Amino acid sequence: MILDDLNPRQRAAVEHFDCPLLLIAGAGSGKTKVLTHKIAYLVREKGMHPHRILAITFTKKAANEMAGRVEKMLRIKPRWISTFHAFCVKVLRDDIATLNTGHDKRFVIYDEDDSLKIIKDVLKRFYIDSKEAAAARNTISKAKQEYQDVVKCIAAMPFPLNNYAEVAREYQNELRKSNALDYDDIIYFTTALLLNHDDIALKWQGRFDFIMVDEFQDTNRIQYSLIKLLLGDRGCVFAVGDPFQTIYTWRGAVPENIIQFAEDFAAKEMKLETNYRSARKVLDAANAVISRTGSRWASRVLKLHPDKEEEGTVKYTENADHFSESLSIVRRIRDLSETFCGYSDIAILIRMSFLSRSLESVFMQHNIPYQIVGGLAFYDRAEVKDMLAYLRLSVSPQDKAAFDRIVNIPSRGLGAKALAAVSGNYKTDWMQAIKDTTLPARQKAGAEHFVQIIGKYAGSAEHAPYSALMGLLDDLDYIEHMKKTYKEDHEEREQNLSELSNVLKTVQLQGGTFSSFLEENLLSSEQDKIADEQSVKILTVHAAKGLEWPVVFVPALEEGIFPAAKSLEHMKALEEERRLFYVACTRAKESLFLSSAKYRMKFGQSSYMARSRYIDDIEEVIDRRGEERIECRDNCEGR
DNA sequence: CTTAGGAAACTTTTT
DNA sequence: GTTTCCTAAG
């Protein structure tokens with residue numbers, strides 16, 4: 001039976017039906033279980049159709065996991081378990097035309113890189129230093145997340161932010177011309193659509209009998225509005241969250257949404273405080289960390305109660321430098337893997353991605369299989385981005401970001417001057433703009449060659465991306481170009497392109513399109529890239545949200561790293577660092593190994609580091625047995 | 001318009 | 001230690 005393997009509180013949450021429900025669920029308390037079982041319960045006991053339940057998760061991986069578990073119980077895979085972004089893209093593919101923004105349903109999605117490039121370009125036109133691009137983008141992003149008219153909202157901001165109002169207008173204009181949306185637009189446009197068009201709001205409300213939202217503490221204002229719009233005047237909603245796992249306020253998350261939800265919907269509140277994941281010592285550490293919070297949520301602290309018999313272990317090692325730290329981690333992993341567990345039972349959670357470098361080199365030397373999740377992702381490599389840009393432009397000749405990227409790669413004499421002239425002639429698409437521009441002889445030849453190559457693949461890139469890629473590589477003499485440009489590591493880069501060709505080959509053979517391949521990649525999370533293989537996983541704490549391992553290492557526990565330097569002066573930021581450390585600790589099922597270094601390389605220079613305040617906070621939980629042995633080994637052999 | 005070389009700036013966290 | 005920006009010569 002569906003309810004059989006649930007504890008009384010989980011069961012109560014699953015069975016609750018009369019009114020909106022808010023479940024405050026601590027780390028490892030089985031909230032995914034409650035969500036999946038609730039779906040099964042609604043289907044079996046309340047007669048709902050699985051395809052009429054909308055479940056919003058934080059990452060695609062969580063969505064897939066949840067869908068898989070439900071499928072096991074019901075033998076049918078619910079259609080609407082997805083992230084906010086993936087859901088909104090589906091809505092927009094249907095109805096974006098109604099908005100009259102000038103986009104059509106074949107819109108492309110711009111990642112951070114693309115959108116930053118467009119902003120830099122716009123800033124140049126206003127004679128603003130391109131160093132402000134990040135600030136401008138953040139301002140625009142914030143305005144969209146607050147869900148107000150973007151230009152007006154920015155204009156009302158205090159100086160100097162209000163300077164970006166015109167920039168925002170131009171930026172949106174450029175996106176429109178490219179038939180592109182950035183990540184924020186995906187949510188923003190969907191919300192605008194439902195808010196301003198009753199017929200469309202009714203249509204989407206009518207598709208769902210029940211809505212669930214996971215990780216509610218990390219929703220932002222506009223996502224909250226969106227949920228309300230999808231509900232209309234109904235109360236068939238279930239929200240799950242944990243204010244102490246709020247780690248995305250820098251991205252607009254508003255944990256107060258939880259309180260707002262309780263008020264707006266007069267929701268019934270329930271709590272889950274029994275932790276089924278972690279051993280006792282690990283939980284003691286987590287509780288000690290979070291009990292020192294100074295936030296206004298302090299009175300609502302969930303004290304996690306252990307369910308497990310095992311003691312577990314929490315250890316702390318102080319090292320001389322980053323090198324001996326990595327080495328001592330490797331030694332420990334060696335020991336563990338011989339007796340206790342496999343490599344894939346181990347994760348190293350880091351605060352900042354640059355910390356993976358020293359780990360990587362030592363892991364390599366000692367032949368420990370590892371996977372770095374995130375970091376410089378495959379699809380961020382220059383050569384991969386180049387070839388993707390060629391394919392993008394072939395499929396969608398309005399794509400400005402793609403055009404800018406490769407119009408002069410390999411170089412064909414088209415510099416700033418020529419491109420300014422082409423930009424001035426842009427009407428419908430970039431190929432036409434080139435054709436409409438009169439250029440000097442040398443530039444003309446290069447431009448014509450470019451137009452001809454793109455034209456050659458315009459018809460085929462979408463459905464035969466693999467063939468198009470191979471043809472492009474050939475026509476562009478791209479390998480030769482790489483040999484010239486990258487000299488040292490061109491072989492590795494060729495390898496990357498061959499990997500890309502493998503991926504696209506699969507897409508092509510399975511009858512997929514290039515656009516859907518791109519979209520999938522842009523909307524997938526770091527977590528989706530975790531391979532199912534025997535290896536130690538190295539990833540940021542943020543990317544580890546919602547995951548668990550028997551053994552977890554948290555290195556670089558130093559003031560300025562964890563907590564991060566930029567957070568030290570702001571109380572709110574420090575609180576978030578603390579929660580982040582809490583999230584890190586609660587990923588461990590059995591063993592938690594903490595460490596720090598006295599000296600660490602920063603900008604190529606070794607600087608002294610003070611150990612993190614979190615070590616002091618959990619002092620009494622730390623297991624000191626056997627520490628001397630480890631210290632000694634580090635000092636004797638560690639260089 | 002390109003290229004090479006050197007200086008400067010820089011790293012939270014990401015759907 | 002690495003990427004990006006800038007300048008001056010081809």
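Numbers restart at 1 for each chain; the letters A, B, ... are given by sequence-line order, proteins then strands. If you're wondering where the values come from, they're calculated on a predicted model, not measured in any experiment. Reckoned from all heavy atoms, side chains included, excluding hydrogens, waters and symmetry mates.
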Worksheet entry | Any pair counted as salt bridge (Lys or Arg N to Asp or Glu O under 4.0 Å), so long as it reaches residues 79-93 of chain A, sequence neighbours left out |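 For residues 79-93 of chain A, and leaving out neighbouring residues, the salt bridge (Lys or Arg N to Asp or Glu O under 4.0 Å) pairs sorted by first residue read A:Arg93-A:Glu519.
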Go through [options] for me and flag the one nearest to the [X] side chain.
X	options	result
A:Thr83	B:dT15, B:dT14, B:dC1	B:dT15
A:Trp250	C:dT2, B:dT2, B:dT13	B:dT13
A:Ser411	B:dT15, B:dT2, B:dT14	B:dT2

Spacing between [X] atom [atom1] and [N] atom [atom2], to the nearest angstrom:
X	N	atom1	atom2	value
A:Lys484	B:dT2	NZ	C1'	12 Å
A:Ile409	B:dT3	CD1	P	11 Å
A:Leu355	B:dT13	CG	C1'	12 Å
A:Ile247	B:dT14	CD1	P	9 Å
A:Lys602	C:dG1	NZ	P	17 Å
A:Met601	C:dT2	CE	C1'	12 Å
A:Leu349	B:dT14	CG	C1'	16 Å

Which part of the nucleic acid, if any, lies within reach of [X] when heavy atoms closer than 4.0 Å are counted: base, sugar-phosphate only, or nothing?
X	value
A:Phe84	nothing
A:Asp184	nothing
A:Glu112	base
A:Ala565	nothing

Check the phosphate of [N] against [X], side-chain N and O only, distance under 4.0 Å to OP1 or OP2. Yes or no?
X	N	value
A:Thr540	B:dT14	yes
A:Asn408	B:dT2	yes
A:Ser525	B:dT14	no

Using 4.0 Å as the upper bound for N to carboxylate O, is an ion pair formed by [Y] and [X]?
X	Y	result
A:Asp121	A:Arg125	yes
A:Asp182	A:Arg137	no
A:Asp386	A:Arg493	no

Pick out the pairs of N or O atoms, protein on one side and nucleotides 8-10 of chain B on the other, that lie under 3.5 Å.
none

Practice prompt. Quote, to the nearest angstrom, the C1' distance that separates C:dT4 from B:dT13.
Written response: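 My reading of the C1' atoms in C:dT4 and B:dT13 gives 22 Å.
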Quick one: side chains of residues 127-135 of chain A, donor-acceptor pairs under 3.5 Å with protein atoms, not counting sequence neighbours, listed by atom name and distance.
residue  : atom : partner  : partner atom : Å
A:Asp129 : OD1  : A:Lys131 : N            : 3.0
A:Glu132 : OE1  : A:Tyr164 : OH           : 2.6

Worksheet item: Between A:Tyr582 and A:Gln245, does any side-chain donor sit less than 3.5 Å from a side-chain acceptor?
Response: no
Discussion item. Angle between ring planes, A:Tyr614 versus A:Phe581, binned at 30° and 60°: parallel, tilted or perpendicular?
Written reply: parallel
